[in-house]
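When reading the values below, keep in mind they use all heavy atoms of this one structure, side chains included, and skip hydrogens, waters and symmetry mates.
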Amino acid sequence: MTNNSNKITNLFKRLPASLFLWIAVIIFGAANAITKRLTEIGADNLMDGRNPISFCNVLFVGNVCAALVLFLIYGRQLHSSYWKHLTKKDWWSLFGVSILSGALAPALIFEALARTQATNVVLISRLEPPLVLALSFFILGERVNLLQVIGAVVSFIGICTIVILQTFLENMMTAEGFLAIGLGELLTAVGAVSLAIATILSKKSLDNISPGFYSLFRTVLGGIVFFFAAIVLYGPNHFTNVLSPFLWQWMLLYGAVIVALGQSFWFIGLEGSPSSKISLAGSFIPISGIVAAYFVLGEVPSIAQYVGGGIVIVGIIISQIGIRKDNKRLANREQSAKQMDNEVGFKGI
């Protein structure tokens, strides 16, 4: 068993880190479309009039399956030596980030998927990067590149265009009014805000926590919090079909591939990739999501999604140019410093 694990680890180390990043991007991009498709499969196979693959069951059982896979990968990090150095502040931050990103945001996104197209969810979720950029500047005091700011603003305009134009086109012939924004779009936006806050909190407070331990802790705590929250909100019978073999056969695949494998590949890619490649790969998640929505769900983008999505992509491109300029500037600065050190060293001989 140990020899097999070592062989797999060595194989992963020989492969380029960017490969894992791009595989993770494809997985993350396809997640919303696959989740919605699974609920449609459940709707075609009702049990006592209930959908065994409801969004709540997908989120809870998917977390359980993912936790099992993550335990096999990172279980050794549960040893006290990995986390006994954590302070009370670290634990509070870990709880906060886990609840925001592991329970609240996924619940809002899943509910949004039940109320609007997966393409809308993918595009409106792009509200998160501009929020992270703004919060990083105002809360963490991080220096931001002008082109990144412009790109974030353009992306935000694209998101607003999708919501407003789509709302107008849907309601111009009805009495609902111009600003009758859909609940699915609103839930997606709130979910993006939750993820942005969790990202800032993790940047500020989770430097001492390993990615493996964090992933496992977030998955387990997120599942527990969501389970009890759903019982309080929807009643004790809400998870009646949670032990259905039909549900579990799909969730074992979903939890292993979408949640556990996606996260693991992303972390592997992060460790060996420069920030420019990480940022570039992450920017392709919405494109991957739109393609997945088309092939998995047959969702053809609407006029609003084409127009707003095009603006969002332009914003992403502008941000990438800004990031590349920043990275180039840092590389030149490091090269100049190294050259100066060499010259000083030479003169001192």
Side-chain angles (χ1 to χ4, degrees), residues 19 21-45 51 53-55 58-59 62 105-106 108-129 154-170 181-189 191-192 195 250-251 253-259 261-263 265-266 280-317 319-320:
L19 174 65
L21 276 182
W22 287 105
I23 295 175
V25 163
I26 294 171
I27 292 173
F28 291 156
N32 287 333
I34 291 174
T35 299
K36 191 162 187 172
R37 180 64 186 133
L38 288 176
T39 62
E40 292 175 353
I41 293 173
D44 294 333
N45 296 271
N51 185 347
I53 314 183
S54 66
F55 282 106
V58 169
L59 180 53
L108 291 169
I109 296 298
F110 276 34
E111 185 64 24
L113 285 169
R115 298 173 180 273
T116 189
Q117 288 188 331
T119 304
N120 277 343
V121 173
V122 168
L123 290 172
I124 296 173
S125 294
R126 292 303 300 173
L127 182 63
E128 180 195 352
V154 171
S155 293
F156 181 75
I157 292 172
I159 293 166
C160 293
T161 301
I162 295 168
V163 175
I164 295 173
L165 182 57
Q166 185 166 280
T167 303
F168 173 72
L169 293 175
E170 288 177 354
I181 297 173
L183 182 58
E185 288 77 10
L186 184 61
L187 290 172
T188 304
L195 287 173
W250 286 105
M251 287 303 96
L253 179 63
Y254 175 89
V257 177
I258 299 297
V259 183
L261 199 62
Q263 286 185 14
F265 277 12
W266 182 255
L280 180 62
S283 68
F284 271 84
I285 291 177
I287 298 173
S288 174
I290 294 170
V291 173
Y294 176 76
F295 285 106
V296 177
L297 299 172
E299 289 186 2
V300 179
S302 64
I303 294 175
Q305 290 165 347
Y306 272 123
V307 175
I311 297 173
V312 169
I313 291 172
V314 170
I316 291 172
I317 293 172
S319 295
Q320 284 300 315

Handout entry: Spacing of Ser54 atom OG and Leu38 atom CG [to the nearest 0.5 Å]
Key = 11.5 Å
Fill in the blank from the handout: Interatomic distance, CG@Leu21 vs CZ@Phe265, rounded to 0.5 Å, equals 11.5 Å
Problem - Ile109 vs Thr188, side-chain contact (heavy atoms from CB on, under 4.5 Å): CA-CA, chis, key distance, verdict - result: CA-CA 5 Å; Ile109 296 298; Thr188 304; 4.1 Å; yes
Practice task
With Ile311 as reference, evaluate Val154, Ile316, Ile162 under the side chain to side chain contact (heavy atoms under 4.5 Å, CB included) test and give the passing residue.
Solution key: Val154
Practice task
Begin with the C-alpha distance, continue with both residues' side-chain angles, and end with the deciding distance and a verdict on side-chain contact (heavy atoms from CB on, under 4.5 Å) for Val122 and Gln117.
Solution key: CA-CA 9 Å; Val122 168; Gln117 288 188 331; over 6 Å; no
Practice task
Begin with the C-alpha distance, continue with both residues' side-chain angles, and end with the deciding distance and a verdict on side chain to side chain donor-acceptor pair (under 3.5 Å) for Glu299 and Gln305.
Solution key: CA-CA 11 Å; Glu299 289 186 2; Gln305 290 165 347; 5.6 Å; no
Exercise for the section: Could you walk me through whether Ile159 and Leu123 pass the side-chain contact (heavy atoms from CB on, under 4.5 Å) test, one step at a time? Expected result: CA-CA 7 Å; Ile159 293 166; Leu123 290 172; 5.9 Å; no
Practice task
Determine whether Arg126 and Ser155 make a side-chain contact, defined as any pair of heavy atoms from C-beta on separated by less than 4.5 Å.
Solution key: no
Handout entry: For the student: nearest non-hydrogen atoms of Leu113 and Ala118, plus distance
Key = CD2-CA, 3.9 Å
Problem - Steps toward side-chain contact (heavy atoms from CB on, under 4.5 Å) verdict (Leu183, Glu111) - result: CA-CA 9 Å; Leu183 182 58; Glu111 185 64 24; 5.9 Å; no
Exercise for the section: Taking all heavy atoms of Gly184 and all of Ala112, pick out the closest pair and write down the distance. Expected result: O-CB, 3.3 Å
Fill in the blank from the handout: So CD1 of Ile290 and CD1 of Ile313: to nearest 0.5 Å the spacing works out to 5.5 Å
Handout entry: Non-neighbouring partners of Thr116 that pass side chain to side chain donor-acceptor pair (under 3.5 Å), sequence neighbours left out
Key = Asn120, Glu185
Exercise for the section: For atom CH2 of Trp250, decide whether the heavy atoms of other residues, nucleotides or ligands shown that lie under 6.0 angstrom number more than 12. Expected result: no
Completion exercise
Separation between CD (Glu40) and CG (Asn51), nearest 0.5 Å, reads 10.0 Å
Practice task
Could you check if a side-chain atom of Phe284 sits within less than 4.5 angstrom of a side-chain atom of Ile26, using non-hydrogen atoms only?
Solution key: no
Practice task
Ignoring hydrogens and angles, state whether a donor on the side chain of Thr119 or Tyr294 is under 3.5 Å from an acceptor on the partner side chain.
Solution key: no
Completion exercise
CG of Asp44 to OG1 of Thr39, rounded to nearest 0.5 Å, is 10.0 Å
Handout entry: Neighbour count >12 (heavy atoms, 6.0 Å) for atom CZ, Phe156
Key = no
Exercise for the section: State, to 0.1 Å, how close Ala292 and Gly29 come at their nearest heavy-atom pair, and which atoms those are. Expected result: CB-O, 4.1 Å
Problem - CG-OG distance between Leu195 and Ser125, expressed to the nearest 0.5 angstrom - result: 7.5 Å
